[in-house]
Amino acid sequence: MLYRENGQFKTSYAADQQIFPILQDRVAIGVLLAIAFVVVPMFGSDYLFRAILIPFLILALAALGLNILVGYCGQISLGTGAFMAVGAYAAYNFLVRIDGMPLIAAMLLGGLCATVIGVLFGIPSLRIKGLYLAVATLAAQFFTDWAFLRIGWFTNNSTSGSVSVAGLNVFGLPIESAVAKYLFCLAVVCVFALGAKNLVRSAIGRQWMAIRDMDVAAAVIGIRPMYAKLTAFAVSSFIVGVAGVLWAFVHLGAWEPAAFSIDRSFQLLFMVIIGGLGSIMGAFFGAAFIIVLPILLDQVPQWFGIPLSTATTSHLVHMIFGALIVFFLIVEPHGLARLWSIGKQKLRLWPFPH
Amino acid sequence: MNPANLLLDVNGIEVIYNHVALVLKGVSLQVPEGRIVAILGGNGAGKTTTLRAISNLLKGERGEVTKGRIELEGERIEALSPSELVRRGVVQVMEGRHCFAHLTIEENLLAGAYTRKDKGEIAANLDKVYAYFPRLKTRRTSQAAYTSGGEQQMCAIGRALMSSPRMVLLDEPSMGLAPQIVEEVFEIVKDLNVKEKVSFLLAEQNTMVALRYSDFGYIVENGRIVMEGEARDLASNEDVKEFYLGLSGEGRKSFRDVKHYRRRKRWLS
Amino acid sequence: MMMDDMAAAAEAPAVGGRRIGDVILDLQNISLRFGGVKALTDISFNVREHEIRSIIGPNGAGKSSMLNVINGVYYPQEGRILFRGEERKKMEPHMAATQGIARTFQNIALFKGMSVLDNIMTGRNLKMKCNLLQMALYWGAVQKEEIAHRGKVEEIIDFLEIQSVRKTPVGQLPYGLQKRVELGRALAAEPSLLLLDEPMAGMNVEEKQDMCRFILDVNDQFGTTIVLIEHDMGVVMDISDRVVVLDYGKKIGDGAPDEVRNNEEVIRAYLGTSH
Amino acid sequence: MGFFLETLFGGLMAGMLYSLIALGFVLIYKASGVFNFAQGAMVLFAALAMARFAEWIPKWLGFDSLILANVLAFAAAMALMVVLAWVIERLCLSRLVNQEGITLLMATLGISYFLDGLGQTMFGNDIYSINVGMPKDPAMILESTFEGGLLLSKEDLVAAIIAAALVALLALFFQKTATGRALRAVADDHQAAQSIGIPLNRIWVIVWSVAGFAALVAGIIWGSKLGVQFSLSLVALKALPVVILGGLTSVPGAILGGLIIGVGEKLSEIYLGPFFGGGIEIWFAYVLALAFLLVRPQGLFGEKIIDRV
Amino acid sequence: QQANEQFFPLLVYRTGAYAPNGTPWANGKQDYVKYINATGGINGVKIAWEECETGYATDKGVECYERLKGKKSSLIDPQATGITFALTDKAPVDKIPLITLGYGLAASQDGGVFKWNFPLMGSYWTAADALIQHLGKKEGGLDKLKGKKIALVYHDSPFGKEPIPLLQKRAQMHGFELVLLPVTAPGVEQKATWLQVRQQRPDYTLLWGWGVMNSTALKEAVATGYPREKLFGVWWSGAEPDVKDVGANAKGYSALALNPHGTDSALIKDILKKVHDAGNGAGPRDEVGSVLYMRGLLIQMFATEAVRTAQAKFGAGKVMTGEQVRWGLENLNIDDKRIGELGLAGLIRPLKTTCTDHMGSTAVRLHTWDGSQWKMQADWYEADKAVIDPMVKEAADRYATEKQIKRRDPSDCNA
Ligand SMILES: Nc1ncnc2c1ncn2[C@@H]1O[C@H](COP(=O)(O)OP(=O)(O)OP(=O)(O)O)[C@@H](O)[C@H]1O
Ligand SMILES: Nc1ncnc2c1ncn2[C@@H]1O[C@H](COP(=O)(O)OP(=O)(O)OP(=O)(O)O)[C@@H](O)[C@H]1O
Ligand SMILES: [Mg+2]
Ligand SMILES: [Mg+2]
């Protein structure tokens, strides 16, 4: 089947404003969803779910949230881990302190708490810009790290400061098996990805991007910088907070503040950049690149039966991974999502070179 | 043209941006030593791209020359770095000014002299530029970002002159300049051309002035050269008159009265 | 100079069949300094409804700064600004937009990462009313709103003849088209006062003619008041109703094009001899 | 009072050490607009090279002199850093001319991963020591003025002096000279800098080499303090609030920022920490930096952020 | 890995910030497995193994666990507190026991709640208890601690915070003042902490660190002139990497020695002969016998002993499942005779686990750095059951309610 737009005339603006205006794309995404929801659960192994797909989905969700802030609104954040942690610990408290709290409600409330903290630490963005803003978000990062370790109330006075949850269920269905966890994450991610996509393609999304590209000009055409920036912080930290809940509840089960350390913040930022700033799809590409690639690289020597020591393998993985980051940036500085769309553009022209 | 004193020879170049957008579709042009050559054409014709291809600044725009040759005095220069080209005397004034925002006007100018090592020469050049653009002298200590658009344009031109070039690629030098400064800029061009034998290749929208001051002109449309000739001949060509000079049979038409429907350009059939 | 001004105001010419209305914007004794640099010194002039008011002057005269003062990017140290008769206190730039003032910029200030369509859509931002949650769901009202505004924007796109590049990221467009998109973005706000800072720089005659046509049409059809900065004297003289001339931050002339063209001081400071 | 002075002193010394690392960031940022995420990895790499060369060279050449070993190791490590700078420019930066800062930041992350792997492969991942004869014992001063005297870490003092000297040297080298101007031009606009003949590749090799030199000095000082091990690359994180507070483009800013953060951290931990349950110095540093930034968004000495239409 | 091989996953960290500590540990584990295989396996069952690099990161550890789980892992040593937390939930589901020798959750000693966790030989509570007892002994009786000031310089993480409740309890009991000084991970900057030590002048300081934090603490102690003789570390702060780089300056510093070290034992001699001389050593030869190497060795020794015990019940010469190994771990009985057979005569204390006690032994000694090597002290300490047991019980009960798990029925013990 040739990948062509020709002949697909859009007769209404509604048709043109669809998320996937091209028929082939719609088919492809449908097939992808069918595979993700039906085929993968049938054939996937425990390892695939627990070690690869679940973390991938959750971190992709977090990256998606971060992408709204960094990619769409242009506000650099190194506090993603903090907002995840706020989501996770808040949801934990709702769950243990309120009897019969449903998981989904706890999750959304966790997200809301993250929103509040996100907006709070977003306020300096009205004055501080660019890399300098990183300080505000780093303050959030280290402050929450510290608070969750030191303030016993947050951890329900657990002696070590590590907490855990058990017996998760949604509408009475237990979220225990790998498949159930995977499907739950997948569903949440799909819903949020759709919501995020909707936001970025409507007025607020354009406001964010306008602020990102040129804030003075945006103000001149009537966009309130404060509103745009703070909504970006709010929406972003909400999604990130929900991702934090999933990470803690569904993926780890038991966690300590270190699960949301600065390393996590950096990791997510890198996902967003390598995946493609300002692209919902980019969050998924980025998460795949940063999470899945090292795992695969790690196993390559084994597949080929190359006898390498653990340390050597690990060093090589580091080097190859680093080199690949640079390589992909050279090929396409705007990230994998852009690479993808250029690929599609070429496909559209194919077999003619231009 | 006499190939013996050919300074720059661009031969059938194609340029592709981002691996997908073919923008120049075989552009050839020549600049003989000591001449002023103009590239004219509408928005998006490919003038800037041509200049970038010559000065090797395409890479940063993710563009590349995929076909054709570019020669400076018979030597291929596609592989040379932009700075090497400046060292050989080819300097470009970029479209849209591109002053160093955080540097003062004077620092901008001095940065332009990076390739010159002779202190005396640099000082002399600086004086020359200030003499050309007295406005810059009054603003010499302001950061470039806080000067007016026209001042920045002067700064960009002055900065290029600081490297004592043999050949200048001027991209829309008149943009944003007040009319009498435009005249002055072209007087400067003429002056340098005559006195110091500097060659110019200029991309310009202000066709009237450009043709008045240049020796030879190329007209680019859609990534192709559609017409070329001595400046005088071009200026008297009917099409050029209508589309680039805004003159019709009975002289200049008022901007208030332009028709809503216009004749199609002959070469766009 | 005050005399000039009053004379010009008294005449209130009705050019080309359009009715020039009352004073919509009145600037009184504006002075603006940046540290030691005096960008504007005691400048007064007014703009009437429906007219095309040009500001000319040599480089660095303070023209762009004047526009920045009008729409609140700069706040003058001295002087009064009256918009529709009301004196304006210190204001944020986005408030000017809510009052119906739109503008284009000398150094193109488009949103580089966005497509042409999205750029122009941002211009309609103030007219969109849906809330965040509705947008996240993208149902009913939001979709209707988007489509309605899209319709308006497409009209502008048609008007400016940029249909073919609708989905292109503006960063990749050639300079001239970017200028056009910027005009489109300003128009999308359906402003009552439109400030244009050198909209025709970097265009050839043909394109300038197009641009003039756009400006005149906007002025005609929507009755938009326009303040125009331009260095092409042909354009200025042909299409403006009144012209202010600035030099080194001071006003040196004000009046109908012909008047200004023959003003000795203006000729000396700006036009040179040839015009 | 005596204890307060000691704390103050400790803070100043710690701050000086942060400055040393911050310096590397500032140099590269100033000269190319790149926030070099790999600075920490470079510190580790340089320190590893130094430690291992000091161990290997005497073995290879068969001599037994600590001083000579250190001198040769320093030379070899520096040479390695220059080669590294060259390779980075060739394979990475030169292909990313005119790209946005964030892309370049990401590229430096790639470099950082690569260096981590390479360093550990080449030099091993155990703890190594650098012995450049730093005095370890504390000194007591002003014993007559204060009861118990004032404790002064000689090691810190030496480190602080070296750091200060290095900073002064670099400030001198980069300020006002033609190269300095060219660097700032490059940071503003890669393409325009190229268009007027500034050779990006040379500039970048120079800057990365100098940053490599700063990394080497920082690596030696921190390495002789902490032992050369992977954790050295983590000290880069400590320099983050310092660079931002001082202003990303300012060499003196790195120093002042370091001192403020160092002192602020120590004083807060000691005098405020007990009320919060301790461990506050890490976030306090950021809150401190944030407070300064709210007043000066471009950092103490950073170049004013230009937003003009 | 063949059908008739017992599979041991080896989670290790040989790179990154904790590599200097992780490497000898990992080598010890590996060497012991190789040694067992070289001596004919466990009743003829060879051990298959695979290493997986965690870099001390929890998510990487979980990934490793999931990856190796599929290969029929029968027991796992997560080698990091964070990973242990994450795996504690997964182990019961996957039926894979966790050995957390000397680390992990203190409460997991209670086998009634933590059916799958085995903090053999000691937890942070027993460690802290032993240290306090040692200090009491130095002072000439625990009651002499009254009015003394003891500081805890700890890694600000669950690992570092675990001993606090016990120390608080002891402080209450004996009337000493406890000063808590957290150090932010990774612990490369401790100036403020040690200035506080200098200000407060505690009589003793306990060090609860890991990795670079330990050597930095020692260096700062030197720089602030705090006597090393008054500084006592947990067993994660008392290995060669912690003092190596401080050298003679650390002389006098003591730390708990969870395990013996040195190359004198029969076991080590045998390993050197059968593994290293055969060219199979995992690491350099001179690392054999170092503190953390020995700890890895012991962990693997208990693992094989558990399999052996299980085989005694479920069939010698068979591959044991996770559940069977769990039973073995719960019924370990390493008496002096067995210790002799294992080649460690006189070097470790007997260890006997039960259904309710998953620790088996809390005996521990201290060793002191003499400037060039660790010197073992003579006295053994055992945690005071009267202090520890109620705490364990309470914590375990709390965990059980939180997790909605019921205490194991005594009948479950015999299964
Ligand atoms: N960086 C880029 N990426 C993709 N396409 C580009 C890029 N730069 C220019 N183009 C495309 O190349 C074509 C030629 O552009 P160019 O800038 O050379 O025109 P120009 O003749 O200089 O126009 P103008 O007079 O408006 O400056 C245009 O269609 C433009 O869209
Ligand atoms: N933000 C600012 N800070 C300092 N000086 C400024 C600032 N903005 C403008 N100026 C100065 O004020 C003067 C007027 O600038 P303005 O941009 O208004 O000129 P202009 O008339 O638009 O000129 P041009 O035709 O060249 O665009 C100039 O000398 C400029 O350098
Ligand atoms: Mg152009
Ligand atoms: Mg202007």
Side-chain angles (χ1 to χ4, degrees), chain D residues 3-4 6-7 9-11 13-15 17-18 116-117 120-121 124-131 136-140 148-149 151-156 222-235 237-238 262 265-271 273-274 277-283, chain E residues 13-24 55-56 153-157 160 179-196 198-201 211-216 218-226 240-249 283-284 287:
Chain D
F3 182 68
F4 174 79
E6 259 175 29
T7 311
F9 226 77
M13 300 293 144
L17 287 177
Y18 297 160
D116 279 351
Q120 293 188 70
T121 318
N125 49 11
D126 207 346
I127 301 178
Y128 308 97
S129 33
I130 290 180
N131 182 3
K136 301 281 179 188
D137 289 323
M140 286 290 177
L151 182 95
L152 187 70
S153 159
K154 282 193 238 159
E155 181 179 24
D156 286 356
W222 276 93
S224 88
K225 206 173 134 68
L226 292 181
V228 179
Q229 51 179 315
F230 187 86
S231 305
L232 264 190
S233 62
L234 304 178
V235 298
L237 209 57
K238 306 266 346 171
E265 245 181 32
K266 305 306 166 225
L267 288 181
S268 70
E269 181 66 43
I270 287 175
Y271 291 103
I280 65 166
E281 64 180 316
I282 177 79
W283 61 263
Chain E
Y13 36 95
R14 293 174 177 278
T15 61
Y18 297 95
N21 306 59
T23 305
Y56 201 69
V153 173
Y154 66 99
H155 195 262
D156 201 357
S157 70
V179 180
L180 297 177
L181 299 172
V183 171
T184 311
V188 287
E189 184 37 58
Q190 299 179 28
K191 188 142 248 120
T193 311
W194 289 90
L195 279 168
Q196 273 168 297
R198 178 166 154 74
Q199 180 191 28
Q200 308 242 3
R201 299 177 202 278
V212 71
M213 175 182 161
N214 291 330
S215 51
T216 309
L218 284 167
K219 286 173 186 169
E220 287 294 346
V222 174
T224 45
Y226 190 78
E240 289 82 2
D242 305 321
V243 286
K244 186 165 140 187
D245 179 53
V246 197
N249 282 319
E287 169 201 81

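Numbered from 1 within each chain, the chains take letters A, B, ... in sequence-line order. Because only heavy atoms are used, hydrogens play no part in the values below, and waters and symmetry mates are left out as well, while side chains stay in.
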Kindly say whether D:Gly227 contributes a backbone atom to a donor-acceptor pair with the side chain of E:Asp245 at under 3.5 angstrom? yes
Kindly give the heavy-atom pair with the smallest separation between D:Leu226 and E:Lys219, and that separation in Å. C-NZ, 2.9 Å
Among E:Thr216, E:Thr224, E:Asn249, E:Thr23, the residue with the most heavy-atom pairs under 4.5 Å to chain D is E:Thr224
Just give me the residue among D:Asp116, D:Asp156, D:Leu237 that pairs up with chain E most often, heavy atom to heavy atom, under 4.5 Å. D:Asp156
Heavy-atom pair of closest approach, residues D:Asp126 and E:Lys244: OD2-NZ, 3.3 Å
Should we say atom OH of D:Tyr128 is surrounded by more than 12 heavy atoms from elsewhere, each under 6.0 Å from it? yes
May I ask you to list the residues in residues 181-191 of chain E that approach chain D closer than 4.5 angstrom, counting heavy atoms only, ordered by number? E:Pro182, E:Thr184, E:Pro186, E:Val188, E:Glu189, E:Lys191
When every non-hydrogen atom of D:Gln229 is compared with those of E:Ala17, the smallest separation belongs to OE1-O, 4.4 Å
For the residue pair E:Leu195 and D:Phe3, establish whether any side-chain heavy-atom pair is separated by less than 4.5 Å. yes
Residue D:Glu269 versus chain E: region with a heavy atom under 4.5 Å: both
Non-hydrogen side-chain atoms of D:Lys225 and E:Glu220 separated by less than 4.5 Å: yes
Examine whether an atom of D:Tyr18 lies under 4.5 Å from a heavy atom of chain E, and if so say whether it belongs to the side chain, the backbone or both; otherwise answer neither. side chain
